[in-house]
Amino acid sequence: MRKSIFIAAGLLLSISTQAQLLDMIKSTVKDKTGIDLNNPQATKGTTTATTTNTKTSTTVPTSTSTQTSLLNVGNLTSNQISSGLKEALSLGVTDGVKKLALTDGFLKNEAVKILMPEKLRKVDTTLRSVGLGSLADEGVKLLNRAAEDAVTEAAPIFTNAITSMTITDAKNILLGNNNAATSYLQSKTQSQLFTAFQPKVKASLGKVGADAVWKNLISKYNTFTGQSVTTDLNEYVTTETINGVFKMVADKESGIRNTPAMRTTSVLQKVFGAQDANR
């Protein structure tokens with residue numbers, strides 16, 4: 001009986017010693033490696049790896065991020081972006097040309113009104129000083145009348161440029177500045193517009209009587225001053241007419257970009273709403 005008691009006591013002592021030894025081993029491992037053998041799922045190593053993986057998965061190179069924003073602005077398809085930009089430009093052109101083509105469309109709009117050519121400002125001053133201010137005013141008015149008559153030539157040229165806009169053009173324009181679409185249109189149509197406008201402006205100058213009035217105006221100035229002043233009204237009015245059209249288109253574009261109320265169709269609302277989110 002006594003022998004059995006000693007054996008049992010020895011076993012208990014052995015088990016206790018093993019448990020203490022195991023605890024010491026676990027403690028040493030945790031101190032040296034950071035691994036908790038009692039809870040292997042929540043180790044430092046695992047935590048570090050998880051953190052590293054999280055950072056790796058959320059870090060995207062700048063070029064990839066930019067590419068993604070260009071390809072999928074607000075989850076819009078490329079066709080939606082292209083359609084929205086074409087619609088915005090079409091509205092700008094249609095609205096701008098329509099307003100400018102009205103009587104006083106240029107003359108009563110201070111933003112686009114065609115003034116006396118700079119090199120002829122002294123003509124204006126001289127005529128007014130000798131009581132011929134009304135002749136100078138008539139000359140300026142008829143320059144604007146010629147522009148109002150000629151501006152309708154812009155519409156088909158603009159339409160062709162808008163139709164040929166590529167998807168890449170549209171994406172770049174959408175993420176561009178307030179007049180990116182107008183700048184695109186200008187780069188594509190400037191030379192075509194000048195070529196198409198010159199004969200139309202020349203015809204319009206004759207149609208409204210501007211050429212006769214300016215011939216008389218210059219003649220009187222030369223008589224009073226003894227000078228011989230000439231100017232190419234056709235080129236001047238052509239350039240100013242084109243500038244006026246682009247000014248109106250730019251104003252419309254800026255409005256659509258910055259004023260949600262001017263986005264009158266669902267396409268414009270979706271496309272430029274996405275633009276707002278990417279600013």
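Here the structure is a predicted model, which means the values were calculated and not measured. All residue numbers refer to positions in the sequence shown, counting from 1.
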Does any N or O in the side chain of Gln80 come within less than 3.5 Å of the main-chain N or O of Thr77, such that one atom is a donor and the other an acceptor? yes
To check you understand the geometry: which heavy-atom pair defines the closest contact between Pro117 and Leu233, and what is its length? CG-CD2, 4.3 Å
4.5 Å side-chain heavy-atom contact, Leu120 and Tyr236: no
Could you walk me through whether Leu217 and Leu127 pass the side-chain contact (heavy atoms from CB on, under 4.5 Å) test, one step at a time? CA-CA 8 Å; Leu217 187 152; Leu127 291 177; 3.4 Å; yes
Test of understanding: with ring-ring contact (aromatic ring centres under 6.0 Å, His included), list the residues that count as partners of Phe158, not counting sequence neighbours. Phe246
Output side-chain donor-acceptor pairs under 3.5 Å for residues 88-96, partner residues at least two apart or in another chain, one line each.
from: Ser90; atom 1: OG; to: Lys86; atom 2: O; distance (Å): 2.9
from: Thr94; atom 1: OG1; to: Ser90; atom 2: O; distance (Å): 2.8
from: Asp95; atom 1: OD2; to: Lys99; atom 2: NZ; distance (Å): 3.3

Is there side-chain contact between Phe106 and Leu143, with at least one heavy-atom pair below 4.5 Å? no
Roughly how far, to the nearest 0.5 Å, is CG of Leu174 from CZ of Phe272? 6.0 Å
Of all residues at least two apart in sequence or in a different chain, which pass the side chain to side chain donor-acceptor pair (under 3.5 Å) check with Ser219? none
Kindly give the heavy-atom pair with the smallest separation between Asn177 and Ala180, and that separation in Å. OD1-N, 3.0 Å
According to the ring-ring contact (aromatic ring centres under 6.0 Å, His included) rule, which pairs have a member within residues 118-157, sequence neighbours left out? none
With sequence neighbours excluded, residues passing salt bridge (charged side-chain N to carboxylate O under 4.0 Å, His left out) with Arg128: Asp124, Asp137
Hphob cluster co-occupancy, Val130 + Leu135, side-chain heavy atoms under 4.5 angstrom: yes
Does Asp169 have any salt bridge (charged side-chain N to carboxylate O under 4.0 Å, His left out) partners at least two apart in sequence or in another chain, and if so, which? none
Residues Thr126 and Ser129: closest non-hydrogen pair is O-OG, 2.5 Å
Would you say the side-chain atoms of Ser254 pair up with the backbone N or O of Ala250, donor to acceptor, closer than 3.5 Å? no
In this structure, would Val208 and Ile218 fall into the same cluster of hydrophobic residues linked by side-chain contacts under 4.5 Å? yes
Can you tell me how far OG of Ser183 sits from CD of Glu253, rounded to the nearest 0.5 angstrom? 7.5 Å
Filter on side chain to side chain donor-acceptor pair (under 3.5 Å), then keep only pairs touching residues 141-150, sequence neighbours left out; what's left? Asp104-Arg145, Glu138-Lys141, Arg145-Glu148, Asp149-Ser204, Asp149-Lys207
Please answer: with hydrophobic residues joined when any side-chain heavy atoms are less than 4.5 Å apart, are Leu107 and Ile114 in the same cluster? no
Residue pairs passing the salt bridge (charged side-chain N to carboxylate O under 4.0 Å, His left out) test with at least one member in residues 216-231, sequence neighbours excluded, are none
Can any side-chain N or O of Thr259 pair as donor or acceptor with the backbone N or O of Ile256 at less than 3.5 Å? no
For the atom pair CG (Leu175) and CD1 (Ile81), what is the distance rounded to the nearest 0.5 Å? 7.5 Å
Residues passing the side chain to side chain donor-acceptor pair (under 3.5 Å) test with Glu240, sequence neighbours excluded, are none
Which residues pass the salt bridge (charged side-chain N to carboxylate O under 4.0 Å, His left out) test with Lys122, not counting sequence neighbours? none
Taking all atoms of both residues into account, what is the closest heavy-atom pair of Leu115 and Arg121, and its distance? CB-NH2, 4.1 Å
Hey, does the side chain of Asn179 reach the backbone of Thr182 with a donor-acceptor pair shorter than 3.5 angstrom? no
Enumerate, atom names and distances included, each donor-acceptor pair closer than 3.5 Å involving a side-chain atom of residues 188-202, sequence neighbours excluded.
from: Thr189; atom 1: OG1; to: Leu185; atom 2: O; distance (Å): 2.7
from: Gln190; atom 1: OE1; to: Gln186; atom 2: NE2; distance (Å): 3.3
from: Thr195; atom 1: OG1; to: Ser191; atom 2: O; distance (Å): 3.1

In terms of heavy-atom contacts, Ile167 and Ser82 come closest through CG1-CB, 4.4 Å
Closest non-hydrogen atom pair, Ala161 against Tyr184: O-OH, 3.5 Å
Does any pair with a residue in residues 243-252 pass side chain to side chain donor-acceptor pair (under 3.5 Å), and if so which ones, sequence neighbours excluded? Lys247-Asp251
Look at the side-chain heavy atoms of Ile, Leu, Val, Met, Phe, Trp and Tyr, link any pair under 4.5 Å apart, and say whether Phe224 and Val213 land in one connected group. yes
